[in-house]
Amino acid sequence: MQFDEWDTRHSLSAMPAPYDLTPEDLGGLLVGEPAFRSRQVWEGLHTRVQRPEEMTELPEALRVSLAEALPRALKEVTQQSADDGQTTKWLWQLHDGAQVETVLMHYPDRVTVCVSTQAGCAMACQFCATGQAGFSRQLSGGEIVEQVVEAMRAAKPRRLSNVVFMGMGEPLANYDRVWSAVTRLHGEMGLSARHLTLSTVGIVPGIRRLAAESLPVNLAVSLHAANDEKRDELVPINKRYPLGELALACAEYVEATGRRLSIEWAMIHDVNDQGSDAAELARFARPLGAHVNLIPLNPTPGYAVRGSSAARVRAFRDQLESLGVNATVRMTRGAEIDAACGQLAASPGSPVRIKPS
């Protein structure tokens, strides 16, 4: 099955989320009301991130009827905090019982939300809890946007500045709905394309589509191995889109957008943290002018291999830099609540103690 067929044939929610509605759809809910009501409600939803019952400029009866007509797409199951309250993870249940997770992270200079784009994931990356859990369904654009809305509400009085599409699922395997969310976040909610980052394990047709879009968003490629034999094992989609094809697509993206490519590399003890691995990674990254984010592997129940030691991570970074590649060690956030990169599994159970964005 081709990539585009996979994207369209897998089921979506049958119930449109409030943020799936167009202005025309909203106008249809407000038949008989003054024309300016549609604008008030639209701005309430997108600019002020209000729920209908909070829109006090509307008559009370209209607020009640809108709240009934526009039920929230996300029902909170659990909310957990970590890092002295600087990291929050929500487990949401959707109307059909599917579950997804969202993570809000406060930093001194920014506030970032990591959103899910699918319930589960079909990419089957060995070390990722979401991939271990399998695929349930695509999220609609509105279900993705509503995760950002909830994060914006929770972040107040600080302004949410960054959205990373690095939660559950493979964003480029749900391309059309993800892109509809991107355009709404940018056009209606004022988030800069420079602060929107899509992650992929290497869906080459999706990268090429992204390169042709009018909004130059950021791209992060979850690489984790830079030879095909090892990557076939860690990231099975590599068998369909091997490293040579992936590099060409990434080069097209860099040339078309002028954006610096990011490469994500989960540091896995004795698997991909040796000097030879760094040399292979440098050969892949350097021609693309890519920046490498090194992420010590976070524990998941289905992959009994530990992350690299801090000393080995530093040595790996130093070797990359000696080979002409910019590299950063990413600070782990939320590991104690299974909110760190690669740990999202939509489970309300106890955190695991033994991926990457």
Side-chain angles (χ1 to χ4, degrees), residues 1 3-13 17 19-20 73-74 77 89-104 112-148 150-151 163-182 185 196-207 209-210 217-222 224 234-237 240-241 264 266 298 300 302 334 338-347 355-357:
M1 181 179 294
F3 163 77
D4 288 337
E5 292 175 322
W6 195 96
D7 182 43
T8 56
R9 291 186 188 180
H10 282 68
S11 61
L12 280 172
S13 165
Y19 289 91
D20 284 316
L74 308 177
V77 178
K89 182 179 80 167
W90 290 274
L91 171 63
W92 308 108
Q93 182 164 299
L94 309 178
H95 79 93
D96 58 357
Q99 294 186 332
V100 296
E101 292 181 326
T102 306
V103 181
L104 176 66
T112 298
V113 65
C114 177
V115 300
S116 295
T117 56
Q118 298 175 315
C121 184
M123 298 297 106
C125 297
Q126 283 191 7
F127 48 85
C128 175
T130 313
Q132 294 160 14
F135 177 78
S136 179
R137 71 164 171 88
Q138 308 280 30
L139 298 192
S140 73
E143 289 170 330
I144 297 167
V145 170
E146 193 166 319
Q147 294 173 68
V148 180
E150 292 295 335
V163 180
V164 294
F165 294 75
M166 296 181 175
M168 296 175 64
E170 163 56 56
L172 299 190
N174 188 17
Y175 192 99
D176 291 337
R177 297 103 197 168
V178 167
W179 194 252
S180 74
V182 166
L185 293 172
L196 303 174
T197 301
L198 271 61
S199 175
T200 181
V201 293
I203 306 293
V204 165
I207 295 172
R209 287 184 68 182
L210 197 63
V217 298
N218 301 308
L219 177 65
V221 174
S222 295
H224 314 309
L234 289 174
V235 185
I237 197 67
R240 182 178 298 183
Y241 305 118
E264 311 294 303
N298 292 305
T300 66
D338 291 349
C341 297
Q343 291 186 315
L344 300 188
S347 170
K355 175 174 174 179
S357 296

Which atom of [X] lies closest to which atom of [Y], heavy atoms considered:
X: A220; Y: T197; result: CB-CG2, 4.1 Å
X: S136; Y: A98; result: OG-CB, 4.3 Å
X: V100; Y: Q118; result: CG1-O, 3.8 Å

Audit row: E150, T102, side-chain contact (heavy atoms from CB on, under 4.5 Å) steps and yes/no
CA-CA 9 Å; E150 292 295 335; T102 306; over 6 Å; no
Does [Y] offer a backbone N or O that forms a donor-acceptor pair with the side chain of [X] under 3.5 Å?
X: Y175; Y: L210; result: yes
X: S116; Y: M168; result: yes
X: E146; Y: A17; result: no

Worked check of side-chain contact (heavy atoms from CB on, under 4.5 Å) between W92 and E143
CA-CA 10 Å; W92 308 108; E143 289 170 330; over 6 Å; no
Does one side chain, of S140 or D20, offer a donor that lies under 3.5 Å from an acceptor on the other?
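Indeed, the side chains of S140 and D20 share at least one donor-acceptor pair under 3.5 Å.
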Is it the case that the side chains of E170 and T200 hold a donor-acceptor pair, with the cut-off being a distance below 3.5 Å and no angle test?
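Short answer, yes.
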With the side chain counted from C-beta on, respond yes when [X] and [Y] share a heavy-atom pair under 4.5 Å apart, and no when they do not.
X: V235; Y: S222; value: no
X: L74; Y: L94; value: yes
X: T117; Y: L139; value: no
X: V148; Y: Y19; value: no
X: V145; Y: L185; value: yes

V182 pairs by side-chain contact (heavy atoms from CB on, under 4.5 Å) with which of I144, V163, L196?
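Only one option passes, and that is L196.
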Taking side-chain contact (heavy atoms from CB on, under 4.5 Å) as the test, write out the residues that go with A151, two or more places apart.
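A151: side-chain contact (heavy atoms from CB on, under 4.5 Å) contacts with L104, V113, L160.
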Using 0.5 Å steps for rounding, measure from the CZ atom of F165 to the CG atom of L172.
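One finds 10.5 Å between CZ of F165 and CG of L172.
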What's the spacing between L234 CG and H224 NE2 if we round to 0.5 Å?
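Rounded to the nearest 0.5 Å, the CG-NE2 separation comes to 8.0 Å.
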